Protein chains: 2
Amino acid sequence: MPAIDVAGEFETIERLFRPLAHPEWGRGLKDDVGVLPSRPGFDLILTKDAIVEGVHFLPDDPLDLVARKLLRVNLSDLAAKGAEPFGYLLACHWSGRCGWPEREAFAEGLRQDQESFGVHLIGGDTVNTPGPASFSATLLGWAPKGRAVSRAGARPGDLVLVTGTIGDGALGLKAVQGRLGLEPERLEALADRYRLPQPRLEMREAILAHASAAADVSDGLLADAARIAEASDVGLSIDLGRLPLSLAATAWLETRVDPEASRVMLATGGDDYEVVLTCPPGGEAALKRHADQHHLRLTALGRVTATSGLQVVLNGGPVEVERLGWRHDASPTVSKPG
Amino acid sequence: MPAIDVAGEFETIERLFRPLAHPEWGRGLKDDVGVLPSRPGFDLILTKDAIVEGVHFLPDDPLDLVARKLLRVNLSDLAAKGAEPFGYLLACHWSGRCGWPEREAFAEGLRQDQESFGVHLIGGDTVNTPGPASFSATLLGWAPKGRAVSRAGARPGDLVLVTGTIGDGALGLKAVQGRLGLEPERLEALADRYRLPQPRLEMREAILAHASAAADVSDGLLADAARIAEASDVGLSIDLGRLPLSLAATAWLETRVDPEASRVMLATGGDDYEVVLTCPPGGEAALKRHADQHHLRLTALGRVTATSGLQVVLNGGPVEVERLGWRHDASPTVSKPG
């Protein structure tokens, strides 16, 4: 049979992506579709996020890290719902700079994170674009029937907790842009956090068991907390004095003249990919034990109230926040406020 | 609660996409994920295709048609597998030209085709890109457990059939580019076919019941037939003399000096979004009855053989084909060979 040369796309799938396919459900990427058997007793949890060169990643970011970031920003959504990831569909919109070495690096990044997170490729598409590269992934996970955590379950009296540290994503972007004056090891730690988020899947079971509501922190802690408040029709009060900070973020904060504005920046900068969650007071201890076992910080920084909306406080007083969060807008280079 | 202004993306979701959400599984697009209950007895069929401005659609194509084409190229994959579509996830990579009127047109196109095809929005992402617009959709459908048709079931002795007409997609692209000299009504018919493919979902039940293998014709009849041959480990013989042609394609063919090369162009041009399928000889009559009931052509144009690969014939003699199909490559304007 003559070779079907399809401008490199067929070979990209054949050589680079087929080895990543789910052994059964991906149909070897030789079919038009993936086929997923029903799993009685479980709900299928789906999420789809896209990332764009020059907006969500830098034009000179290595493509293996871009691939891993793509998976991780989506895995983070599943983690926040208590879902167990198993597979994904992929759309690659390759730019002119994506030759074979770059595509191979991308596939290698996928392979590494498939192994780290137990997911397999189930299908997708690969196309070329005359513009900057962009990618999207549809991540699939399971949650026990009816038990996936939503944003809508927070109740007055619940605690507000957050995993890990907040603000490193936004500072990491400044670091990779050369806009931060910190020690090299701090800059590196922040850049790592920006380039390679850590989806908090280790909290999955505890979230399922104890969280009344949860969301991942992608647009900014305050924006994502506000959405929980809105979906749950309650209020959330967040104490910026309790923001969990990394050593690097603490070092940065010490260089700032306006600590309040700086904490607001950290809490609205986004790209943290932590989980903000609410739980009844009785659930806190079990959640903390679970986090401790996984060497993960879990910080109580607020309360759910009966009034609606988000209240932000610092040192016992209210803080006015003009913009709760951030989503990436079109711009020729990566830029963020703050 | 302060407004969460997220560079128009939040408002795009709120105003334009929320009305399109699945009433239950989309969680009102207010959560990080969609949640799909298990459906025992059925497999979930998934496909994800992407389209890029300047590659798969023209920069001045109205965005409602672009949205509908996006859904339809994906629905076509489900049709070929005998799957019943019910939902989709969407990623919009908006370019600078996508202001509110364009986004509203895009959402209106989705709404129209949601109604036509019985699908609902379940989730997704909307981002901005400094480059040309691109979009991807992950389409979801059901097929009875274990019965989704694959490319791998063709057996020697089976017939090869194709729905509708072949070549109109490739001619339609020439028509919208002003590269065809035909009567205006012919040009319009071809342009319609390029801009608004017709996924053959009306054949779904008959394909499930009778097809031994099937694929949608997206890259070109010969390329997609060759993939059935490869996946089934058989040969497929296709008679170019039996290509089902529209009136417009017939008129075009009459203007050509080399009918063989012209038929090869039609059979390799792609973008037809018909279904090429194989069936045991006993299944042909039932398939044709079903197609007749839906006023759809269904044409037998070949046989499955025991040798491997694709044989192309015309007037009883073999035809050498250098390139079986076509996938869109990066280029600043839409262009295709032939």
Side-chain angles (χ1 to χ4, degrees), chain A residues 1-2 4-7 9 27 30-40 42-50 52 54-55 77 80-81 89 91 93 96 122-125 127-132 134 136 138 148 150-151 215-216 219 223 226 231 309-310 323-325 327-330 332, chain B residues 1-2 4-7 9 27 30-40 42-50 52 54-55 77 80-81 89 91 93 96 122-125 127-132 134 136 138 148 150-151 215-216 219 223 226 231 309-310 323-325 327-330 332:
Chain A
M1 182 167 53
I4 307 172
D5 184 349
V6 281
E9 299 314 313
R27 292 192 163 190
K30 286 186 178 233
D31 211 323
D32 305 276
V33 296
V35 176
L36 196 63
S38 184
R39 190 178 178 191
F42 287 79
D43 292 327
L44 179 68
I45 314 300
L46 305 113
T47 186
K48 175 168 181 165
D49 274 356
V52 177
V55 183
D77 284 313
K81 310 288 108 173
L89 293 93
H93 310 219
I122 288 176
D125 198 9
V127 296
N128 287 305
T129 170
S134 62
S136 71
T138 302
S150 81
R151 292 183 186 160
D216 84 321
D219 293 340
L310 189 76
R323 182 174 189 158
L324 295 181
R327 282 181 72 121
H328 304 273
D329 198 357
Chain B
M1 184 165 52
I4 307 171
D5 184 350
V6 281
E9 298 315 312
R27 293 192 162 191
K30 286 186 177 232
D31 211 323
D32 305 276
V33 297
V35 175
L36 196 62
S38 186
R39 190 178 178 192
F42 287 79
D43 293 327
L44 179 69
I45 314 301
L46 304 113
T47 186
K48 175 169 181 164
D49 274 355
V52 177
V55 183
D77 284 314
K81 310 288 107 172
L89 292 94
H93 310 220
I122 288 176
D125 198 10
V127 294
N128 286 302
T129 170
S134 63
S136 72
T138 302
S150 81
R151 292 183 188 161
D216 85 320
D219 293 339
L310 189 77
R323 182 175 189 159
L324 294 182
R327 282 182 71 123
H328 305 273
D329 200 356

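Letters A, B, ... mirror the listed sequences (proteins, then strands); counts begin at 1. Keep in mind it's a predicted model, so treat the numbers as computed, not measured.
Using a 4.5 Å heavy-atom threshold, the side chains of Val127(A) and Val55(B) count as separate. A 4.5 Å side-chain heavy-atom check between Leu44(A) and Leu36(A) finds at least one atom pair inside the cut-off. Here the side chains of Ile45(B) and Val35(A) are in contact, with some heavy-atom distance below 4.5 Å.
Contact annotation for Lys81(B): only side-chain heavy atoms (C-beta onward) come within less than 4.5 Å of a heavy atom of chain A. Using a 4.5 Å cut-off between heavy atoms, Arg27(A) touches chain B through its side chain atoms alone. Of the two parts of Val52(B), only the side chain, counted from C-beta on, holds a non-hydrogen atom closer than 4.5 Å to a non-hydrogen atom of chain A.
Per-residue heavy-atom pair counts under 4.5 Å with chain B were compared for Asp32(A), Val33(A), Asp43(A), and the maximum is reached by Asp32(A). Ranked by heavy-atom pairs shorter than 4.5 Å toward chain A, the options Ala80(B), Pro40(B), Gly123(B), Ala231(B) are led by Pro40(B). Interface check for chain A: of the options Gly124(B), Ser136(B), Pro37(B), the most heavy-atom pairs under 4.5 Å are formed by Ser136(B).
Ser38(A) places a side-chain N or O within 3.5 Å of a backbone atom of Arg39(B) that can act as its donor or acceptor partner.
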>> Apply side chain to side chain contact (heavy atoms under 4.5 Å, CB included) to residues Glu9(B) and Asn128(B) and explain how you reach the verdict.
In response: CA-CA 8 Å; Glu9(B) 298 315 312; Asn128(B) 286 302; 2.8 Å; yes
